[in-house]
Amino acid sequence: MPKLSENFIEELRFRNPITEVVSSYVQLKRAGRLMKGLCPFHSEKTPSFVVYEENNSYYCFGCGAGGDVITFVRAIDNLDYMDAVRMLAQRCGMQVPEDGADKETARLRERILAINRETARFYYSCLGSPEGSAARRYVAGRKLSAETVRHFGIGYAPDDFNSLVSHLSSKGFTEKEMLEAGMKPTKRGSPYDQFRGRLIFPIIDVRGNVIAFGGRKLSEDKPGPKYLNSSDTPVFKKSHGVFALNFAKDVKNGTLILCEGYMDVIAMHQAGFCNAVATLGTAFTDEQARLLSRYAEEIILAFDADGPGQKAISRGIEILKKLDVRIRVLSIPGSKDPDEYIRENGADRFKALLDGASTQTDFRLNAIKNRHDLQTSEGKVEYIRECTLLLAEMSNAAEREVYASKAAEEAGVSRAALLTEAENARKKLGSARKKKEAARSASVLSGFGDTVNPEKKLNLRAANAEEALIAALVATPELAEEAAEYMPPEEFVTSFDRRLYEAVIDGIKTYGHFDIGMLGGDFSPAEIGKIQGFTLQNGRRAAGIDEIREYADIIREQKRRAGMPSVSEMDDEDFGKLIEEIARKKK
């Protein structure tokens, strides 16, 4: 991992105030000297995510996520360290100094993006060639105009293994680069085009880079899946990508329409609904939801009207509920998907459907109703039970009143009875959340469930002393030299704390102080979150050398005990020494 200068990192963080960066993902509110909001990394109803403006850092007291502005971008966009640095540098107009291995990584990314651009041009040209006639007939059958085809860069992959490989070779790209860009290898290791014989949709990120491709087969009789997508590469992660967001983000009306497929999106854009986007052949993910929430205050789910589509809507609601966005659900009568409805009924009627899209609560209430037979007592009881759980989730009392009235009318019971049951359910949920949080806190204190430092649970007292010592040094860096002399890193019990102790000592020796940003890419976001957590927990108060020595003595004592054999395993000489030690301590 390349080491960037502390001066560069400080300037980068200064030019990217954490409140500005975080606010593009999370709605923050002032709370004294702090900023608070709902954590983007876990689902919560009460804000536990805190931004500390004075040192450009954040911490979630609910899930333990924390760090500086670079860590935040790494975690929320699932980027490696250098990609997060580049993103922030681009945001504020800085140039990232790159050398060695990092230069090679950056060059590889550039070559992959260049391959993708050239591949998109090749496929687009093939659509207009004689061999693309079947693809053109398919496009005409879907009523796509030439302008729409050009706008989305729709193309055709020739039905053979080597056309694309030969074309890219003629442009100077190597077979190794093609494989790095996601092309599949033959048994001999040479690349071939897995999209052959398909209509091609380039996938473009919000910066305008072609990062991947989707391909649809032209005939249902042909073998293989209906849709095929690029594999993950250094420039593309399928679970993070969103089709057509590069266009939809410019609409700026506060709403995005989320569809299932490429053709739905393309048909909607052609009809004037340019805020439509789609997932990339995968189930909707948390990462995609967070990305959409950066560009929209409201998301309309416009999935297919069939069974899988309805399940996808329910999943989408569960994911989007974690974010600060309004959710509505489009109901498409008598048609399978938006593309089909627009072709049969036109844009004006589709707009009327959008305007009448139901709230996510209406959708969920209707789904509950459809699951139960309200003509039977058993069905009615189950309907009421599920409705009360739904009402219990609502923090707004007026909203509960409105939907309780609807549900009560359907079930033939009084609204008051339903609200009473909902309030009881709310209390149970609140109690369950408190118990869960208490259990999590107890687990953290005991070291169980600590994936960052799994040795902690077996060496609890030593690990707690290690954390307290490190936190004391962060607050009192002038004691680092004396501390390192009294307590060398090899004396630490847990390997994670030892590695961190070395980094802290090194940072203080080099710069005279320690800041979490100095950890760079040598520590993961999860590790940095843990460090942020225990430095906050131990406080940022100045410590004395006697306190640091006390922590060090605890660590040594615990290490000695951990290395000591049990009495039954001791020989006569060791047993004698143990008796002497006990007698000496009693004096």
Side-chain angles (χ1 to χ4, degrees), residues 143 242 244-245 247-249 251-261 263-279 284 289 292-293 295-321 323-372 374 383 386-387 390-391 393-394 396 398-411 415:
K143 299 184 179 178
V242 176
L245 186 59
F247 299 129
K249 69 180 176 62
V251 175
K252 300 187 188 306
N253 66 355
T255 298
L256 288 175
I257 307 168
L258 180 62
C259 308
E260 284 190 67
M263 290 305 303
D264 289 330
V265 170
I266 293 168
M268 291 173 71
H269 278 245
Q270 182 171 274
F273 307 100
C274 298
N275 54 339
V277 296
T279 56
F284 190 44
L292 295 181
S293 69
Y295 299 98
E297 298 170 357
E298 176 184 71
I299 295 175
I300 300 175
L301 299 174
F303 292 168
D304 292 357
D306 56 11
Q310 297 304 292
K311 287 182 180 178
I313 290 173
S314 296
R315 173 180 168 79
I317 289 172
E318 288 303 309
I319 291 173
L320 290 169
K321 274 166 50 186
L323 305 172
D324 188 25
V325 293
R326 293 188 304 276
I327 310 165
R328 290 199 291 147
V329 179
L330 181 67
S331 176
I332 308 174
S335 294
K336 182 183 175 184
D337 53 39
D339 174 31
E340 184 177 336
Y341 187 89
I342 290 172
R343 280 189 280 121
E344 293 179 359
N345 301 282
D348 290 341
R349 289 195 177 184
F350 187 75
K351 183 178 185 307
L353 286 183
L354 283 175
D355 292 342
S358 62
T359 67
Q360 58 98 358
T361 307
D362 280 319
F363 173 84
R364 294 170 70 193
L365 277 174
N366 192 54
I368 294 171
K369 178 183 173 183
N370 291 337
R371 282 198 294 271
H372 303 294
L374 298 187
Y383 172 77
E386 289 191 37
C387 285
L390 176 56
L391 293 169
E393 293 178 9
M394 301 177 190
N396 185 290
E399 186 182 15
R400 281 200 303 275
E401 290 263 352
V402 170
Y403 286 106
S405 295
K406 287 187 177 184
E409 186 177 348
E410 288 285 357
R415 183 186 65 175

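One-based numbering along the sequence shown. In this text the structure is predicted, and so the values were computed from the model without any measurement.
Residues R315 and F303 are not in side-chain contact: their nearest non-hydrogen atoms beyond the backbone lie 4.5 Å or more apart. Put simply, the side chain of V325 does not reach to within 4.5 Å of the side chain of E298, judged on heavy atoms. T255 places none of its side-chain heavy atoms less than 4.5 Å from the side chain of I299. For the pair D355 and K351, the minimum side-chain heavy-atom distance is below 4.5 Å.
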I300 and L258: CA distance, side-chain angles, deciding distance, side-chain contact (heavy atoms from CB on, under 4.5 Å) verdict:
CA-CA 6 Å; I300 300 175; L258 180 62; over 6 Å; no
How far apart are the C-alpha atoms of R328 and D362, what are their side-chain angles, what is the distance that settles it, and do they pass the salt bridge (Lys or Arg N to Asp or Glu O under 4.0 Å) test?
CA-CA 9 Å; R328 290 199 291 147; D362 280 319; over 6 Å; no
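We find that E393 and R364 are joined by a salt bridge, their nearest charged nitrogen and carboxylate oxygen being less than 4.0 Å apart. Electrostatic pairing of E409 and R415 does not count as a salt bridge here, judged by no charged N lying under 4.0 Å from a carboxylate O. A salt bridge is defined here as a Lys NZ or Arg NE, NH1 or NH2 lying under 4.0 Å from an Asp or Glu carboxylate O, and K321 with E318 meets this definition.
A donor-acceptor pair shorter than 3.5 Å can be found between the side chains of Y403 and T359.
Here F273 pairs with F350 under the ring-ring contact (aromatic ring centres under 6.0 Å, His included) rule; sequence neighbours left out. In this view, S293 satisfies the side chain to side chain donor-acceptor pair (under 3.5 Å) rule with no residue, not counting sequence neighbours.
Surrounding NZ of K311 are at most 12 heavy atoms belonging to other residues, nucleotides or ligands under 6.0 Å away.
Counting only distance, with no hydrogens or angles, the side chain of Q270 and the backbone of K143 share a donor-acceptor pair below 3.5 Å.
Smallest separation of non-hydrogen atoms from N275 and V251: N-CG2, 3.8 Å.
With rounding to the nearest 0.5 Å, the separation of CZ in R326 from CG in L320 is 13.0 Å.
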